[in-house]
2 protein chains.
Amino acid sequence: MRRMTARPANAHQARLLRLLRDGGPNSRAQLGDQVDLSRSKLAVEVDRLLETELVVADGLAASRGGRRSHNIRLNPHLRFLGVDIGATSVDVAVTNAELEILGHINQPMDVREGPVAVFEQVLAMAAKLRASGLAEGFDGAGIGVPGPVRFPEGIPVAPPIMPGWDGFPVREALSQDLGCPVMVDNDVNLMAMGEQHAGVARTVADFLCVKIGTGIGCGIVVGGEVYRGTTGSAGDIGHIQAVPDGRPCACGNRGCLEAHFSGAALARDATEAAQQRLSAELASRLETNGTLSAVDVAAAAAAGDATALDLIREGGTRTGQVIAGLVSFFNPGLVVIGGGVTGLGHTLLAAIRTQVYRQSLPLATGNLPIVLGELGPTAGVIGAARLISDHLFSPA
Amino acid sequence: MRRMTARPANAHQARLLRLLRDGGPNSRAQLGDQVDLSRSKLAVEVDRLLETELVVADGLAASRGGRRSHNIRLNPHLRFLGVDIGATSVDVAVTNAELEILGHINQPMDVREGPVAVFEQVLAMAAKLRASGLAEGFDGAGIGVPGPVRFPEGIPVAPPIMPGWDGFPVREALSQDLGCPVMVDNDVNLMAMGEQHAGVARTVADFLCVKIGTGIGCGIVVGGEVYRGTTGSAGDIGHIQAVPDGRPCACGNRGCLEAHFSGAALARDATEAAQQRLSAELASRLETNGTLSAVDVAAAAAAGDATALDLIREGGTRTGQVIAGLVSFFNPGLVVIGGGVTGLGHTLLAAIRTQVYRQSLPLATGNLPIVLGELGPTAGVIGAARLISDHLFSPA
DNA sequence: CTCACTTTTTCCACTCACAGGACAAAGGGG
DNA sequence: CCCCTTTGTCCTGTGAGTGGAAAAAGTGAG
C-alpha cells in the first residue's frame, strides 16, 4: 500500500494534527474553540488537511444546541511503529495516529549482538505485526536504544552497554528498511515522552523520569520538551557516585549508582545472598531457575522475604540519595519512577520517597509528587510513536 | 527627566533592539543581513523605532564599496540599573542600553537586616550614581537576591539565608521607588546571564554557572534561557549531600556541600586552623584582623601556606564531586566557576577539574571546558541589566 | 573630471494570510 | 410550525510582507 507521506504545510495545520492526535476525533467547531483562528481560516486549513488525506471526515458530532457539526479525525489507516530496544529485550508495537497501541510484541534479545542482528529481529517482529492485519505499512517509526544518541542524525554515540553500535546509522538504515521516516532517541527519553503523552506526566511541564532497568537513566523534560544535553548524554545518572569508595563499576570508577542498584546489580546481590543461604526463598528460586533476576527478587519480596526486602530498600535509599541531589538541582514538578524493576513497586518507592523528602529542601519537595510510571512496559513504545508523530506533525 | 517607556510593538522590533544591544551601533544594511526581512519591511520597522526614540541615528557607516549607509544605535540616554544583593555586600551599577557599565559601587551590607533597610541603602547608592551625572533617571532595573524567587511576581520565597524577605514584594516595591520597570531574580541566575552576555559563555546554549560565595548556587541555562524550576529553586545545590554523615548544616541535614565548602565554611575552617596553630600565616592574619574570611585564605594560599592550600583543595574536591554528578545528569557544554571565592583561583579550579574529569563519563566531559568566570564582581550587575533589557526589549 | 559599477534607500504594485460580517444551512424546543 | 441557536460558507477589507524598479550616494579606473 502506498503510505501517506504528506506533511502539514504550516504551523496551523501542525497544531490541528496534534490536537486531533491528543484529543481524538473532534468537530470543526470544537477545534475552533482551541486554536484561536477565525472560522474561515480554520475551514480553509481543515479542507487542505482533508485533501492531504491526513485527516478524514468522521460523521456528525453531537449537537451543542444548534446545527450539528461534522467531525473529523486523523486518518484511521495511519500507522506508527514504536520500537523500544532494551538491554535484554525488545518491544515493538503498532499504533494508530492517535498513538493507541493496536498490537505489541516483546521478545528477549541481547543488544550486544549488535545492530545488524537486532534490527533483523525488529524487522521480523514488525513484519509479524503487519502480517496479523494490524497495518498495511508504516507511516513512521520511533526507535529507542539504551544509550546516548546524537539526536539530529539518529546515531548512537559511545554507548557503554552496547559496543558495536557506536556510530551505526540507525536512523538512516531503518528508514531504508522500513521505507518510512524514522527518529531515534535514548530509551529513557522515550519513556518520559510516553508518560507525558498518556501517563502520569500529562499536565507537568518540568519533570524527571527515572528508569531503573538493567542500568539506570533519567529522562529530563524542560518546558514540555525533552532535554538531551550537549552531546546527547544528559540524564546518564547511572554513573553518579552514590557511595564514596563503593563497589567497582564497569565504567572504571567506584561507587556508581548503577554498581549498587540496578537490574543487574540486584540480580547479582540476590544470587550472592542465595548462595550464602541468607534467604531460603531466594535460594530455592536460584535452584529452580539456575539464575536470579530482578523479577525473582520482586517475587521474593512479595512473599515477604526479608533479605529481598532489604535489598530493595537499600537500593531505593541509594537511588533516593541521587534523586535528592537532582531534585535540589533541577526543582522538577514531578518525579516518575519506571523501568523493569517497577515490579518492586511500593517498597522501592517508599524508600526513594523517604530519602528524597529527608534530603532535599522543603521548597523543592513541598509539592513534589514521586510516583510510579503508569504505563509500564508500554511507556517506551508509546513514547517512540510520540517521537515520530511529533516529527511528522510539524511543518515540513 | 521623562524616561522613555516605549516598548517594541512586535517581534521584529524586539529582535532589532536586541541586535543593537548585543552588537552596538549598526547600519541598516548590516541589520538587514542579520534579520531575514525585506529591505522595505526593515526600513518601516526601523523608522517606527526611531519614532519611539528607543533608537537614534548615529552618523554614517563605513562604506562597503557603494553608497554609505546611515548608522543607528540604541538611544545613548537610556540607562539601566543593575543591583546584585549578596549575603554580605551589595553591588549597584549603571549601564547604557548596550549594557556597558558606566558606574559601579560596592558596599558591605548584611541581607539579614531585611528588605526595608537593604533597599534604603540600594536607593541611596542609586541616587549617588545618578548624582554623579551618569544618569538622569533609570529606564529599568534588574535586581538579584541571594535566594529563590517566584520569578513572574518578583518575590523571594522561603530564602534560608535571608529571613524577613519571604514574601516581600521586591519587584512591586522597587518599581514604585525607582519609577521604572523592575525584574527580580536569583543572584546566581543573573551571574549566569552576565557571563552569557559579556563573559565566557557567549557562544554556549547549555551551561552551568556555579557561584561560590557565602553559600553555593548554580545557574542553569538551557537553550540560551535561564531555567528556574517549578518553584524557582532550581540550582540550589548548596544542600546536596557531599559527605555522607558529614558536618551538620543549618538546613538540618548533615554533609551538605555548603557545610563543607563555601565562603562561610572556609572562614570557619581557617579560623579553626589558626587557633590550633596549624598555620602561622593564618594565625598572624587572625591576630591582625580579629576574624578570617575567604579572602585571607586566598592570600595565605598565594603566599604558599600549605594549610590554606589544603583547605582550598579539599573544598574544590568536594565541589568537584557534586559538579561531576551534575555534569553526568545535565551534560552541559560549559561549566563556569565564579563568585566571591574566585580569588582562590587556579588551585580551586584545578581541584574541581580533577574531580569532575575523574568522576564523569568521557562522553560528557570529553569536550567540556571548566573555567573561571571572566567578569568577576560585575557578572551579577551585567546580568541584572540584561534581565531587565530582555524584558523591555520584548513585544509588549 | 567623467564614466561605469556598487551599495543603499525609497517607492510602489502585488500577493497572501487572516479577520469578521452577512447569510445560508441545519438542528432544538415550545 | 415558528423562533432561536449553532454551524458552515462566502465575500470583502485590511494590513503584513515581498520583490522589482529606480533614485541617491558612493568608489575607483582611466
Side-chain angles (χ1 to χ4, degrees), chain A residues 6-20 23-74 393-396, chain B residues 6-20 23-52 54-73 393-396:
Chain A
R7 291 278 292 276
N10 59 44
H12 297 308
Q13 292 184 17
R15 179 86 200 284
L16 291 171
L17 289 174
R18 290 180 190 210
L19 282 173
L20 289 171
N26 235 316
S27 72
R28 286 163 142 92
Q30 280 174 307
L31 288 173
D33 295 343
Q34 299 173 67
V35 294
D36 196 40
L37 280 177
S38 64
R39 276 178 309 181
S40 20
K41 178 63 181 164
L42 178 67
V44 170
E45 295 299 354
V46 168
D47 285 346
R48 288 187 193 154
L49 284 176
L50 286 168
E51 267 173 43
T52 66
E53 292 187 40
L54 280 169
V55 310
V56 298
D58 189 42
L60 290 171
S63 167
R64 293 201 289 183
R67 171 175 174 176
R68 291 174 67 192
S69 184
H70 292 262
N71 266 346
I72 57 173
R73 60 176 300 185
L74 289 169
F393 294 169
S394 66
Chain B
R7 290 278 293 276
N10 58 44
H12 296 309
Q13 292 184 18
R15 178 87 200 284
L16 291 170
L17 290 173
R18 291 180 189 209
L19 282 172
L20 290 171
N26 235 314
S27 71
R28 289 163 142 88
Q30 281 173 308
L31 288 174
D33 295 343
Q34 299 173 69
V35 292
D36 197 39
L37 279 178
S38 66
R39 291 180 312 266
S40 11
K41 178 63 181 162
L42 177 66
V44 171
E45 297 298 353
V46 168
D47 285 346
R48 288 186 192 156
L49 283 175
L50 285 167
E51 266 174 46
T52 66
L54 280 170
V55 308
V56 299
D58 187 43
L60 290 170
S63 166
R64 292 202 288 184
R67 172 175 173 175
R68 291 176 64 193
S69 182
H70 291 264
N71 266 348
I72 58 173
R73 59 175 300 184
F393 294 169
S394 65

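The chains referred to below are lettered A, B, ... by the order of the sequence lines, with proteins before strands, and numbering in each begins at 1. Predicted model only: the values in this text are computed from it and were never measured.
Under the side-chain contact (heavy atoms from CB on, under 4.5 Å) criterion, A:R68 pairs with A:L60, A:S63, not counting sequence neighbours. In this structure, the side-chain contact (heavy atoms from CB on, under 4.5 Å) partners of A:S40, at least two apart in sequence or on a different chain, are A:S38. Applying the salt bridge (charged side-chain N to carboxylate O under 4.0 Å, His left out) test to A:R67 and every residue at least two apart in sequence or in another chain returns nothing. Partners of A:R39 under the salt bridge (charged side-chain N to carboxylate O under 4.0 Å, His left out) rule, at least two apart in sequence or in another chain, do not exist in this structure. By the side-chain contact (heavy atoms from CB on, under 4.5 Å) test, B:L37 is found to be paired with B:H12, B:V35, B:K41, residues two or more places apart in sequence or in another chain being considered. With sequence neighbours left out, B:V56 forms a side-chain contact (heavy atoms from CB on, under 4.5 Å) with B:R73, B:N75, B:P76. Evaluation of the salt bridge (charged side-chain N to carboxylate O under 4.0 Å, His left out) rule for A:R7 yields no partner, not counting sequence neighbours. Partners of B:Q30 by side-chain hydrogen bond (donor to acceptor under 3.5 Å, both in side chains), not counting sequence neighbours, listed by chain and number: B:S27.
Following rounding to the nearest Å, B:L50 (CG) and C:dT9 (P) show an atom-to-atom distance of 12 Å. Summarising the geometry, the separation between NE2 on B:H70 and C1' on C:dT7 is reported as 12 Å, rounded to the nearest angstrom.
For the contact set between residues 28-43 of chain A and DNA chain D, defined by any heavy atom under 4.0 Å, the members are A:R28, A:A29, A:R39, A:S40. For DNA chain C, no neighbouring residue in residues 11-20 of chain B is found when judged by any heavy atom under 4.0 Å.
The minimum heavy-atom distance linking B:N26 with B:N71 is given by the pair C-OD1, 3.3 Å.
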Return the polar atom pairs (N/O with N/O) between nucleotides 24-30 of chain C and the protein under 3.5 Å, or none.
unit_1: C:dA25; atom_1: N3; unit_2: A:R67; atom_2: NH1; d: 3.0
unit_1: C:dA26; atom_1: O4'; unit_2: A:R67; atom_2: NE; d: 3.4

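Residue pairs that meet the salt bridge (charged side-chain N to carboxylate O under 4.0 Å, His left out) test with at least one member in residues 27-38 of chain B, sequence neighbours left out, are B:R28-B:D47, B:D33-B:R64.
Take the nearest nucleotide of DNA chain D for A:N71 and for B:N10: the residue whose nucleotide is more 5' is A:N71.
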